[in-house]
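Scroll down for the structure; my scribbles are underneath it.
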Amino acid sequence: GNDRNGVLKTFRYNDDLYILTSPFEMVAQNWDKPHGIYRIKKGTSVVDPTYFFNLSEKLNGDPVLGGGYAGNGKLLIRRIRMDKALTWGSYGFGNVQEFHVLDMATGALTKLDLPLAKSQPTAPNILADEGKVYFPVNTKDIDGNFYIYNYDSATGRLERGIKVNDVDGVNGLFRTK
């Protein structure tokens, strides 16, 4: 699973605890294992042997590098497109990243309508807050843009927010009052 600070590891849905595993060579071990989601049912302390959501199977074997739980049973995940990540440097600095939303109730996985984004060598840059997930999308190498987007789990709406100028990466998003 994950060992990088800030990468989504757990979230609660329907009072059960879910664990997102990303055995990706940059951040973990067991690279031959699928990326996916395990469940620990409420009132227990062991992994439910009847549940494993195989993200690798749904994403053509591509790795998942964290995400953010938006609430309402919707999970934003970051996919690294391995057909585009042809060098080690691509993982941290190439336009190889897609964003998808997993509907925990139905198992449907939907790609968000965004261009391939520049990945970053760190992953704690997704902020989940009150039914929305905020995340940077860096396409400066493609079209000169870098925006913070948000996905609303109640409406399924994706919105482009503020433009970020004069930086190449956003390592963290934090709510302030």
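Residue numbers count from 1 along this sequence.
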If hydrophobic clusters are built from ILVMFWY residues whose side chains come within less than 4.5 Å, do Ile80 and Leu116 share one?
no
Report yes or no: do Leu20 and Phe52 belong to one cluster of Ile/Leu/Val/Met/Phe/Trp/Tyr joined by side chain heavy-atom distances under 4.5 Å?
no
Validation row: Arg81, Gln97 side chains within 4.5 angstrom (heavy atoms):
no
Looking at CZ of Arg39 and CG of Asn14, how far apart are the two atoms once the value is rounded to the nearest 0.5 Å?
9.5 Å
Using ring pair (Phe, Tyr, Trp, His ring centres under 6.0 Å) as the criterion, point out the one residue from Tyr18, Tyr151, Phe11 that pairs with Tyr69.
Phe11
Please answer: with hydrophobic residues joined when any side-chain heavy atoms are less than 4.5 Å apart, are Ile19 and Leu55 in the same cluster?
no
Asn165 atom CG, neighbour heavy-atom count above 12 within 6.0 Å
yes
State which residues pass ring pair (Phe, Tyr, Trp, His ring centres under 6.0 Å) with Tyr134; sequence neighbours excluded, sorted by chain then number.
none
Answer with yes or no after comparing the ring centroid distance for Tyr51 and Tyr38 against a 6.0 Å cut-off, counting only values under it.
no
Any ion pair linking Asp16 and Lys42 (charged N to carboxylate O, less than 4.0 Å)?
no
Are Val133 and Leu75 side-chain neighbours, meaning at least one heavy-atom pair lies under 4.5 Å?
no
Nearest atoms (heavy-atom pairs only) where Gly73 meets Tyr13:
CA-CE1, 3.3 Å
Which heavy atom in Ala117 sits nearest to a heavy atom in Phe99, and how many Å separate them?
CB-CE1, 4.3 Å
Should Arg160 and Val137 count as side-chain neighbours, where that means a heavy-atom distance under 4.5 Å?
no
May I ask you to test the Ile77-Leu109 pair for a side-chain heavy-atom distance under 4.5 Å?
yes
Would you say the side chain of Val101 lies within less than 4.5 Å of the side chain of Leu158, judging by non-hydrogen atoms?
no
Checking Arg79 against Asp62 for the salt bridge (Lys or Arg N to Asp or Glu O under 4.0 Å) test, could you report, in this order, the C-alpha distance in whole Å, the side-chain angles of both residues, the deciding distance, and whether it holds?
CA-CA 7 Å; Arg79 172 190 188 181; Asp62 287 345; 2.9 Å; yes
Using modelled atom types and a 3.5 Å cut-off, is there a donor and acceptor pairing between side-chain atoms of Lys58 and backbone atoms of Gly61?
no
Compare every heavy atom of Asn95 with every heavy atom of Thr139, then report the nearest pair and how far apart it is.
CA-ND2, 4.2 Å
Shortest non-hydrogen contact between Met82 and Pro63, atoms and distance
CG-CD, 3.3 Å
Smallest separation among heavy atoms of Thr50 and Asp48, with atom names:
OG1-OD1, 2.6 Å
Are side-chain heavy atoms of Phe135 and Leu112 found at a separation under 4.5 Å?
yes
Check: Thr21 side chain, His35 main-chain N or O, donor-acceptor pair, under 3.5 Å
no
Let me know which of Val164, Leu173, Leu127, Val167 forms a side chain to side chain contact (heavy atoms under 4.5 Å, CB included) with Pro136.
Leu173
Can you list every pair that meets salt bridge (charged side-chain N to carboxylate O under 4.0 Å, His left out) and has a residue in residues 135-157, with sequence neighbours left out?
Lys118-Asp141, Lys140-Asp168, Arg157-Glu159
Looking only at heavy atoms, the pair that brings Ile126 and Gly68 closest together is CG2-CA, 4.0 Å
Exactly one candidate in Glu130, Lys74, Lys132 meets side chain to side chain contact (heavy atoms under 4.5 Å, CB included) with Ser153; the answer is Lys74
Could you see if Ile37 belongs to whatever hydrophobic cluster contains Leu17? Use Ile, Leu, Val, Met, Phe, Trp, Tyr and a side-chain cutoff under 4.5 Å.
no
